[in-house]
Structures are given as C-alpha cells and as structure tokens.
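Everything below concerns the one structure shown next.
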Amino acid sequence: ASNPTNSLRKISLMIAGAQKAGTTSLKNYLGQHPEVQSHHHKEFAFFVDDADFVQGYPLAKRKYFHPAKSSPTVIAKSAGLYINEKALMRLKEHNPECKLVIILRNPVERTYSSYLMEKNYGAITEPFEIISDIIQKADRNDWRYEFFIGMSLYSKKLELIYKYFSKDHVRIVRYEDFSSDPKSVCQSIFTWIGVDG
C-alpha cells in the first residue's frame, strides 16, 4: 500500500513577504487559477507556528487547504516568513525546490502601513512620531523595532533567504509593479512555476 503522505502535494510556491506589501492580494489572485491550490486563511502559519508545525504537514494541509481542489501546484502565503530563519529552514526541509516570491515596497510606506495596522489592532497607541525613538534605540528585543524597522531592512532579509534558497528560486517583485499591473505580475509568476497563464 502506498503511504498517504506521499500523495500530499508539497508547497511549490511560497509568498514569503514583505508584510504590508500586497501579499494577500497576490495569494488571492494566483489562487484563482484552476491549476493552483491555495489556502483560504489569510496566512499559512505552519512553518512559523511551533504548535502547528509539530502536528505535521498532513494535518496542516487539511486545516488550511480546501479539500475539494487537488491541484498540482500548491501555493501558500506567510508574510512574516522572510524574517524568520527557523521557518525558512522548515520550508527548505519541506521542499528544497520550493520557489519564493518577495514583494518589496518602499520601506517608509511599508513601515507606515504596518504602524497603521498595529494601531488599528490596538497593539500601539502612540502617534507615528514614536518611530523616531524606536529607530534611535534600535532595541532588537522591542517588537515594534522588528515590525516597523527590521521588516523594512530588505537587504538583511534577502541575505537570510539566500542562505537557504538559491537566487533562481527567489522572485523579487516591486510593489509598484504589482499595484499597477497585477495581471502581468501573476502571468510572469505562472510562467516561472510552470503553470499555463
């Protein structure tokens, strides 16, 4: 008898960041393709969340992905993956041939959008000017530093990604290009991953 986990299609494309750069929209657009299976949750937390990860991929696949659609190409989105080395290692172990898409947005705009999101959630109440203090202190243990500043230091994050995935497995998309012409960005990604656009 064949092992049922062998029939579980691995993730072949991961939208790994950047946070507040259109990653959810990209996942939703790509997921509309009939040959692509994507998750209905906003984030695929499996590689980032220890509690999810220890339960194994078969359970995560059932939890996140629509069972009726068994497409050959599985894509997932985890907007914070690009800053999480443990999650990148786990993804590499899961599928060494996985391709990653990173959308890079103007760092100041990304920071401001991240600030607005956290303010909306109630995680921060100070005015945006607090960013100056956060930058000056550069306290890596302050979650606000990583969310507002660290996540915008793209060169450091790309170095981390290239430690695990070769450059030909990483596609960098400019946020402005995606915003102005999402269709051609999606078609380019479909071609890259071998799906008919």
Side-chain angles (χ1 to χ4, degrees), residues 7-49 52-53 57-84 87-106 109-110 113-114 117 151-152 154 157-158 160-162 164-197:
S7 65
L8 274 177
R9 296 193 183 276
K10 293 184 175 185
I11 292 164
S12 49
L13 178 74
M14 175 62 77
I15 302 166
Q19 184 224 38
K20 306 311 296 174
T23 54
T24 301
S25 295
L26 181 60
K27 173 193 75 79
N28 293 341
Y29 295 158
L30 294 175
Q32 291 174 17
H33 194 288
E35 292 177 37
V36 168
Q37 183 180 26
S38 185
H39 48 90
H40 47 277
H41 295 74
K42 191 172 179 184
E43 296 280 327
F44 181 71
F46 176 68
F47 298 109
V48 175
D49 185 319
D52 249 11
F53 189 75
Y57 183 64
L59 185 65
K61 189 86 166 39
R62 286 195 304 274
K63 173 181 170 183
Y64 287 97
F65 291 88
H66 198 284
K69 193 174 181 186
S70 181
S71 304
T73 303
V74 179
I75 67 162
K77 175 244 178 184
S78 181
L81 196 83
Y82 75 115
I83 66 163
N84 187 320
L88 286 165
M89 283 171 42
R90 288 170 171 174
L91 176 61
K92 178 74 172 181
E93 286 170 14
H94 167 77
N95 182 5
E97 295 305 310
C98 186
K99 293 183 175 178
L100 283 76
V101 172
I102 313 292
I103 306 176
L104 299 185
R105 182 178 185 180
N106 174 303
E109 288 177 13
R110 195 219 65 81
S113 184
S114 180
M117 180 179 73
M151 285 183 164
S152 292
Y154 302 135
K157 304 313 177 197
L158 287 170
L160 180 62
I161 289 166
Y162 293 144
Y164 297 97
F165 294 91
S166 62
K167 289 186 178 181
D168 64 326
H169 279 69
V170 179
R171 172 73 53 101
I172 297 171
V173 174
R174 289 178 64 239
Y175 174 78
E176 294 78 11
D177 296 340
F178 177 58
S179 297
S180 64
D181 192 358
K183 185 176 180 182
S184 69
V185 168
C186 289
Q187 285 175 332
S188 162
I189 291 169
F190 287 142
T191 302
W192 184 49
I193 62 175
V195 170
D196 290 334

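Below, all heavy atoms of this structure are taken into account, side chains as well, without hydrogens, waters or symmetry copies.
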message: Run Leu13 and Val36 through side-chain contact (heavy atoms from CB on, under 4.5 Å) and show every step you take.
response: CA-CA 10 Å; Leu13 178 74; Val36 168; over 6 Å; no
Determine the minimum heavy-atom distance between [X] and [Y], stating which atoms define it.
X: Ser179; Y: Pro182; result: O-CD, 3.9 Å
X: Cys98; Y: Leu91; result: SG-CD1, 3.9 Å
X: Thr23; Y: Ala79; result: OG1-CB, 3.7 Å
X: Ala18; Y: Ile102; result: N-CG2, 4.2 Å
X: Phe46; Y: Ala60; result: CD1-CB, 3.5 Å
X: Lys63; Y: Asp52; result: NZ-OD1, 2.9 Å

If you define the side chain from C-beta out and look only at heavy atoms, does anything of [X] sit under 4.5 Å from [Y]?
X: Tyr57; Y: Asn95; result: no
X: Ser113; Y: Glu109; result: no
X: Leu30; Y: Val195; result: no
X: Met151; Y: Lys20; result: no
X: Leu158; Y: Ile172; result: yes
X: Arg9; Y: Gln37; result: no

Would the distance check show the side chain of [X] and the main-chain N or O of [Y] forming a donor-acceptor pair, the cut-off being under 3.5 Å?
X: Lys99; Y: Trp192; result: yes
X: Ser78; Y: Ala45; result: no
X: Glu35; Y: Pro72; result: no
X: Tyr154; Y: Arg105; result: yes
X: Ser188; Y: Ser184; result: no
X: His33; Y: Asp196; result: yes

message: Does the Lys NZ or Arg CZ of Arg110 fall within the cation-pi geometry relative to Tyr175 - under 6.0 Å from the ring centre and within 45° of the axis?
response: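 No cation-pi geometry.
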query: Relative to each other, are the rings of His39 and Tyr64 parallel, tilted or perpendicular (30° and 60° limits)?
result: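 Perpendicular, since the angle between the ring planes exceeds 60°.
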- prompt: Taking the inter-plane angle between the rings of Phe53 and Phe47 on a 0 to 90° scale, is it parallel (under 30°), tilted (30 to 60°) or perpendicular (over 60°)?
  reply: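 Rings of Phe53 and Phe47: tilted, 30 to 60°.
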Starting at [atom1] of [X], measure out to [atom2] of [Y] and round the result to the nearest 0.5 Å.
X: Ile103; Y: Ile15; atom1: CD1; atom2: CD1; result: 6.5 Å
X: His41; Y: Thr24; atom1: NE2; atom2: OG1; result: 13.0 Å
X: Ile161; Y: Tyr82; atom1: CD1; atom2: OH; result: 9.0 Å
X: Phe165; Y: Glu97; atom1: CZ; atom2: CD; result: 9.5 Å
X: Lys77; Y: Lys42; atom1: NZ; atom2: NZ; result: 5.5 Å
X: His40; Y: Asn28; atom1: NE2; atom2: CG; result: 12.0 Å

field: Thr73/Phe190 under side-chain contact (heavy atoms from CB on, under 4.5 Å): CA gap, chis, key distance, verdict
entry: CA-CA 10 Å; Thr73 303; Phe190 287 142; over 6 Å; no
side-chain contact (heavy atoms from CB on, under 4.5 Å) assessment of Val173 paired with Leu26: CA-CA 11 Å; Val173 174; Leu26 181 60; 5.7 Å; no
Criterion side-chain contact (heavy atoms from CB on, under 4.5 Å) on Phe44 and Lys27, from CA distance to verdict: CA-CA 11 Å; Phe44 181 71; Lys27 173 193 75 79; over 6 Å; no
